[in-house]
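Beneath this line is the structure, given in structure tokens, with notes to follow.
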Amino acid sequence: MNIKIAPSMLSADFANLERDLKEVEKNGADYLHVDIMDGHFVPNITIGPDQVAQLRKVVDIPFDVHLMITEPLKYIDQFADAGADIITVHVESDGDIQACLDAIVKKGVRPGLVVSPDTSLTVIEPYLDQLRMILIMCVYPGFGGQSYIPASTAKIRACRQMIGNRNIDLQVDGGINFNTLTEVVAAGANVVVSGSCLFKGDMKENIGQFRKIIQR
Ligand code: DX5
Ligand code: ZN
């Protein structure tokens, strides 16, 4: 299976974002994972659509926008206009899930749903045929640098089964590093997000190391 690597911008140096994003692009990452937090759905705050639009101008890599916000429906058009290629919405948010998916598709963006660690996969089932991505959170959303929750592995495996032969990317986010990568890929993940691990030290070496581990 072709595994995609999505470095999470959350761990970039925000005083040098252009430099760091170009580094991500140059070293063959597949997506840039853009974490959007509103200080309400999660305790942390990141950036909004205006900043995403500015970043869109400096790199061509696809933007995978992970919305950790209470009212996703209100902002989908703005993030799509800002240049998102994929938008994922938490099923735990206050948004009408079907309305969110419709809004994303209407903008020509690839739609996805996210489940937090305590959320059952059954919530996603009714929407399966409309999805291009499912994101399984392997930590509680809000912060980079947390440890992988071991129970995530069984969930990834179950999700891969649920997807069957549908064309849906299975993404994992949170605590993915040189040690946990093998396990999530073996369980069926094909898009791996990683922030603190990939941005620590040399991006080129780290992505290279990820590719080596994946190929084993
Ligand atoms: C957490 C974010 C993640 C975060 C992952 O809420 O959704 O994308 O950046 O960071 P690491 O890879 O450090 O766990
Ligand atoms: Zn994320």
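For the single chain, residues carry numbers from 1 onward in sequence order. Keep in mind the model is a prediction, meaning the values are calculated, not measured. In each ligand, atom 1 is the first atom listed, and ligand 1 is the first ligand listed.
- Of all protein heavy atoms, the one closest to atom 3 (C) of ligand 1 is D173 OD1, 2.9 Å.
- Among protein heavy atoms, the minimum distance from atom 1 (C) of ligand 1 is reached at F143 O, 3.6 Å.
- With hydrogens and angles left out, the side-chain atoms of N190 and Q171 include no donor and acceptor closer than 3.5 Å.
- Among all non-hydrogen protein atoms, the one lying nearest atom 14 (O) of ligand 1 is G175 N, 2.8 Å.
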- [ ] Take K22 and E25 through the salt bridge (Lys or Arg N to Asp or Glu O under 4.0 Å) test and state the conclusion after the steps.
- [x] CA-CA 5 Å; K22 284 191 164 145; E25 179 169 60; over 6 Å; no
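- Using a 4.0 Å cut-off between charged nitrogen and carboxylate oxygen, D85 and R56 count as a salt-bridge pair.
- Those atoms of ligand 1 with a heavy atom of H33 less than 4.0 angstrom away are 8 (O).
- With atom 12 (O) of ligand 1 as the reference point, the heavy atom nearest to it among A12, C197, G174, G195 is part of G195.
- If you look at H66 and ask which of its N, O or S atoms sits nearest the Zn ion (ligand 2), the answer is ND1.
- Residues I5 and V172 share a single hydrophobic cluster, defined by chaining ILVMFWY side chains whose heavy atoms lie under 4.5 Å apart.
- Counting the atoms of ligand 1 from 1 in the order shown, those under 4.0 Å from a heavy atom of S194 are 12 (O).
- Ligand 1 places these atoms under 4.0 Å from at least one heavy atom of S196: 11 (P), 12 (O), 13 (O).
- For F79 and F63, the distance between ring centers is not under 6.0 angstrom.
- Atoms of ligand 1 found under 4.0 Å from any heavy atom of H66, numbered from 1 in the order shown, are 7 (O).
- Side-chain contact between P111 and V105 is present, with at least one heavy-atom pair separated by less than 4.5 Å.
- With D20 contributing its side chain and D13 its backbone, the two residues share a donor-acceptor pair below 3.5 Å.
- K155 places a side-chain N or O within donor-acceptor distance of the main-chain N or O of T119, the cut-off being under 3.5 Å.
- Within the listing of ligand 1, atoms 10 (O), 13 (O) sit less than 4.0 angstrom from a heavy atom of G144.
- Contact between M9 and ligand 1 is absent, with no heavy atom of the residue lying under 4.0 Å from the ligand.
- Under a 3.5 Å cut-off, the side chain of Q51 and the backbone N or O of G48 do form a donor-acceptor pair.
- Residue G142 approaches ligand 1 through these ligand atoms, each under 4.0 Å from one of its heavy atoms: 1 (C), 6 (O).
- Residue contacts with ligand 1: D35 is included, with a non-hydrogen atom under 4.0 Å away.
- To the nearest 10 degrees, the Zn ion (ligand 2) sees OD2 of D173 and OD1 of D35 at an angle of 170°.
- Heavy-atom proximity to S8, at under 4.0 Å, picks out these atoms of ligand 1: 4 (C), 8 (O), 9 (O).
- Residue G145 approaches ligand 1 through these ligand atoms, each under 4.0 Å from one of its heavy atoms: 10 (O), 11 (P), 13 (O), 14 (O).
- More than 12 heavy atoms of other shown residues, nucleotides or ligands fall within 6.0 angstrom of atom OH in Y148.
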